[in-house]
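Down below is the structure, laid out as structure tokens.
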Amino acid sequence: MPPSILVTGGAGYVGSHTVATLLERDDNRYDIVVVDNLSNSYRSENEKKPEALRRIEDMTGSTIHFYANDIRDRAALNRIFENHEIECVIHFAALKAVGESVEKPLEYYQANITGTCTLLEVMREHGVTQLVYSSSCTVYGEPQKLPLDEGHPTGQGISSPYGRTKYFCEEIMKDLCASDQNWKVISLRYFNPVGAHGSGRIGEDPYGIPNNLMPFISQVAVGRLSELLVFGGDYPTADGSGVRDYIHVQDLADGHVRAIQLFQDPRFVGFQPINLGTGTGYSVLQMVAAFEAASGCKIPHRVVGRRAGDIATNYADVSLARQLLGWGASRTVIDMCRDTWKWQSENPNGYKN
Ligand code: NAD
Ligand code: UD1
């Protein structure tokens with residue numbers, strides 16, 4: 001049996017791009033096994049696999065082993081570990097809507113924390129101790145200094161239950177690594193992932209009205225939404241709108257491949273957080289201008305009041321990623337906008353075409 005990588009939540013936005021990147025590599029030696037409960041990904045009635053994975057198989061000529069299970073289903077997870085020679089896990093599966101997490105905190109703690117603990121327990125039972133975790137810059141709370149490096153305190157002033165699930169999971173995995181030297185956990189703290197695969201075949205397909213900036217802009221561009229509301233024009237930034245470190249999802253996917261390669265280094269053990277960003281912040285109004293330039297579409301927009309829980313500015317210090325992973329983002333904001341537009345214009349209704 002060839003070695004496998006188990007990808008939880010691999011039918012989702014970041015997971016699908018990471019699966020595609022792994023399979024596109026000439027030196028890929030892994031089978032890819034995806035477990036996803038389809039709570040935030042799409043499968044048409046007459047298909048066995050989610051549409052994103054079906055398209056990746058089409059693009060790469062590879063077969064993806066797919067299980068439509070919840071990561072809290074211990075028996076199902078056990079069967080997956082019995083069926084495949086799993087060498088490491090990339091753990092994307094989680095609920096991620098910040099506003100919803102404020103209304104339904106228990107659902108978020110249950111899905112994200114119980115889900116992660118169940119996965120870790122099943123991994124331990126099967127002697128699998130290498131995990132790449134999808135964390136977030138939200139663990140830093142309100143920045144005390146910029147750029148944000150991995151030494152910045154975490155867990156203070158986090159504005160949502162969602163953000164706290166990311167922080168708590170990191171703490172749990174830190175304790176686990178401290179208790180047993182066999183564990184290797186890389187917690188990738190994403191800044192703001194945007195963009196889509198350059199082919200235009202896979203991309204971000206949020207249910208309902210998007211909460212995040214880029215999917216909102218692209219749905220205005222295709223006419224699904226009428227105008228963008230810019231949340232806040234009075235932040236202490238160059239143009240008054242909020243500043244974030246947007247990173248192309250393909251660069252993010254490459255970061256996961258590098259993280260898996262780090263597991264091969266026998267000197268690497270324990271828990272290691274690593275920022276994945278570009279190191280440069282762009283404002284909402286700069287993103288609107290970049291999208292207009294890349295797509296040729298006008299984005300009607302209006303500045304309104306601030307959104308509760310938002311911060312003015314954040315961006316990453318990415319030197320640790322360069323040092324430990326030999327990784328740096330290579331795609332520009334124009335690349336991010338162009339690829340978002342290609343995906344959205346060729347799939348105006350996402351995967352449900
Ligand atoms: P996504 O919702 O597109 O993907 C998550 C996938 O996990 C979905 O396909 C969903 O169906 C699945 N899933 C959810 N709960 C599950 C469960 N209990 N069992 C099995 N499958 C389950 O989200 P994404 O944007 O791809 O994010 C992936 C990970 O990255 C998440 O952990 C998220 O918190 C983290 N993250 C995302 C961002 C972002 O902006 N996209 C930023 C920081 C961190
Ligand atoms: C949000 C989450 C954060 C999560 C991150 C993942 C909140 C409060 N935070 O971060 O926990 O880790 O996504 O990418 O939701 N904006 C508008 N109009 C819109 C949407 C957004 O002006 O319709 C602005 C926001 O005010 C912000 C910027 O665009 O300044 C980016 O917003 P968004 O894409 O939602 O990401 P974050 O708020 O950074």
Side-chain angles (χ1 to χ4, degrees), residues 7-18 34-43 50 52-53 67-73 76-77 90-102 107-108 110-112 114-116 118-119 133-141 158-160 162-166 169 188-194 203-207 209-217 219-220 225 227-233 235 237 241-247 249 252 256 276 281-285 287-288 301-314:
V7 185
T8 76
Y13 172 47
V14 185
S16 59
H17 287 79
T18 302
V34 169
V35 58
D36 195 300
N37 68 357
L38 301 167
S39 59
N40 199 31
S41 40
Y42 175 73
R43 176 173 69 176
L53 299 186
Y67 295 86
N69 293 114
D70 193 294
I71 54 163
R72 288 164 292 181
D73 182 341
L77 274 190
I90 312 181
H91 177 30
F92 296 104
L95 299 178
K96 64 158 188 178
V98 172
E100 185 184 62
S101 79
V102 176
E107 281 80 351
Y108 273 68
Q110 165 65 225
N112 294 5
T114 307
T116 299
T118 307
L119 173 69
Y133 178 65
S134 289
S135 189
S136 167
C137 61
T138 193
V139 300
Y140 295 119
I158 298 176
S159 61
S160 73
Y162 162 73
R164 274 185 284 280
T165 68
K166 293 284 146 188
C169 283
L188 297 177
R189 294 178 177 160
Y190 311 161
F191 278 67
N192 286 54
V194 297
E204 186 169 15
D205 184 20
Y207 281 131
I209 296 177
N211 296 310
N212 295 117
L213 180 66
M214 276 298 263
F216 202 105
I217 290 180
Q219 291 197 13
V220 171
L225 298 165
E227 67 169 351
L228 169 74
L229 300 181
V230 177
F231 298 140
Y235 284 112
T237 60
S241 65
V243 168
R244 297 291 183 274
D245 185 341
Y246 298 94
I247 173 165
V249 67
L252 202 66
H256 291 74
L276 293 186
Y282 286 87
S283 74
V284 176
L285 294 173
M287 292 306 282
V288 170
H301 59 278
R302 183 159 49 97
V303 178
V304 296
R306 296 180 179 191
R307 180 172 68 177
D310 270 357
I311 55 177
T313 302
N314 79 353

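Residue numbers run from 1 in the order of the sequence given. For ligands, and for the atoms within them, numbers begin at 1 and follow the listed sequence. On a predicted model such as this, the values are computed, not experimentally measured, just so you know.
With a 4.0 Å heavy-atom cut-off, ligand 2 is reached by the side chain of Tyr246 but not by its N, CA, C or O. When non-hydrogen atoms are compared, ligand 2 lies under 4.0 Å from neither the backbone nor the side chain of Val243. Residue-level proximity to ligand 2 for Thr138 is carried by the side chain, the only part with a heavy atom below 4.0 angstrom. Contacts of Asn314 with ligand 2, taken as heavy-atom pairs under 4.0 Å, are absent altogether.
For the pair Leu213 and ligand 2, the shortest N or O to N or O distance falls below 3.5 Å. For a threshold of 3.5 Å applied to N or O pairs, the pair formed by Ala308 and ligand 2 contains no separation below that value. The shortest N or O to N or O distance between Tyr162 and ligand 2 is not below 3.5 Å. Note: an N/O pair closer than 3.5 Å links Phe231 and ligand 2 by distance alone.
Within ligand 2, the atoms closer than 4.0 Å to a non-hydrogen atom of Asn211 are 20 (C), 35 (O), numbered from 1 in the order shown. Less than 4.0 angstrom separates some heavy atom of Gly242 from each of these atoms of ligand 2: 30 (O). The Val230 neighbourhood of ligand 2 comprises atoms 22 (O), with distances under 4.0 Å to a heavy atom of that residue. Annotation for ligand 2: atoms under 4.0 Å from non-hydrogen atoms of Asn192 are 14 (O), 36 (O), 37 (P), 39 (O).
To the nearest 0.5 Å, the span separating CG on Leu95 from OG1 on Thr165 amounts to 8.5 Å. Once rounded to the nearest 0.5 Å, the distance linking SG of Cys169 with NE2 of His91 reads 6.0 Å. Here the CG-OH distance, from Leu53 to Tyr42, works out to 14.0 Å after rounding to the nearest 0.5 Å. One finds the CD atom of Gln110 at 5.0 Å from the CZ atom of Arg72 (value rounded to the nearest 0.5 Å). Interatomic distance, NE2 of His256 versus CZ of Phe92, reported as 4.0 Å (0.5 Å rounding). One distance of note links OH of Tyr190 with NZ of Lys166; it measures 7.5 Å at 0.5 Å rounding.
Protein residues with a heavy atom closer than 4.0 Å to ligand 1 are Gly9, Ala11, Gly12, Tyr13, Val14, Asp36, Asn37, Leu38, Ser39, Asn40, Ser41, Asn69, Asp70, Ile71, Arg72, Phe92, Ala93, Ala94, Lys96, Ser134, Ser135, Ser136, Tyr162, Lys166, Tyr190, Pro193, listed by chain and number.
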| request: Carefully, step by step, assess Tyr133 and Leu188 under the rule side chain to side chain contact (heavy atoms under 4.5 Å, CB included). | output: CA-CA 6 Å; Tyr133 178 65; Leu188 297 177; over 6 Å; no
| request: Could you please spell out the steps behind the side chain to side chain contact (heavy atoms under 4.5 Å, CB included) verdict for Arg189 and Leu276? | output: CA-CA 6 Å; Arg189 294 178 177 160; Leu276 293 186; over 6 Å; no
| query | Between Ile209 and Phe216, does a side chain to side chain contact (heavy atoms under 4.5 Å, CB included) hold up when you go through it step by step? | reply | CA-CA 8 Å; Ile209 296 177; Phe216 202 105; 3.8 Å; yes
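Nearest protein heavy-atom neighbour of atom 25 (C) of ligand 2: Asp310 OD2, 3.5 Å. In this structure, atom 27 (C) of ligand 2 lies nearest to the protein heavy atom Arg244 NH2, 3.7 Å. The protein heavy atom nearest to atom 32 (O) of ligand 2 is Arg307 NH2, 3.5 Å. Among protein heavy atoms, the minimum distance from atom 29 (O) of ligand 2 is reached at Val284 CG2, 3.4 Å. Atom 1 (C) of ligand 2 has Asn212 ND2, 3.6 Å as its closest protein atom, hydrogens excluded (heavy atom only). With hydrogens left out, the protein atom closest to atom 2 (C) of ligand 2 is Val98 CG2, 3.5 Å, a heavy atom. Looking from atom 12 (O) of ligand 2 to the surrounding protein, the closest heavy atom is Ser136 OG, 3.0 Å. For atom 18 (N) of ligand 2, the closest non-hydrogen atom on the protein side is Leu229 O, 2.8 Å.
Heavy atoms of Tyr282 stay at 4.0 angstrom or farther from ligand 2. Not a single heavy atom of Gly163 sits under 4.0 Å from any atom of ligand 2.
Across every non-hydrogen atom of Leu77 and Leu119, the tightest pair is CD1-CA, 3.9 Å. Across Pro50 and Leu38, no two heavy atoms sit closer than the pair CG-CD2, 3.6 Å.
In this structure the side chain of Met287 never reaches within 4.5 angstrom of the side chain of Val230, judged on heavy atoms. Looking at Tyr108 and Arg164, their side chains never come closer than 4.5 Å, going by heavy atoms from C-beta outward. You'll find the side chain of Ile71 stays beyond 4.5 Å of the side chain of Asn37, heavy atoms only.
Tyr162 and Glu100 are not linked by any side-chain donor-acceptor pair at a separation below 3.5 angstrom, with hydrogens and angles left out of the test.
Contacts of Tyr67 classified as ring pair (Phe, Tyr, Trp, His ring centres under 6.0 Å), with partners at least two apart in sequence or in another chain: His84.
In this structure a side-chain-to-backbone donor-acceptor pair under 3.5 Å is missing from Ser283 to Ser241.
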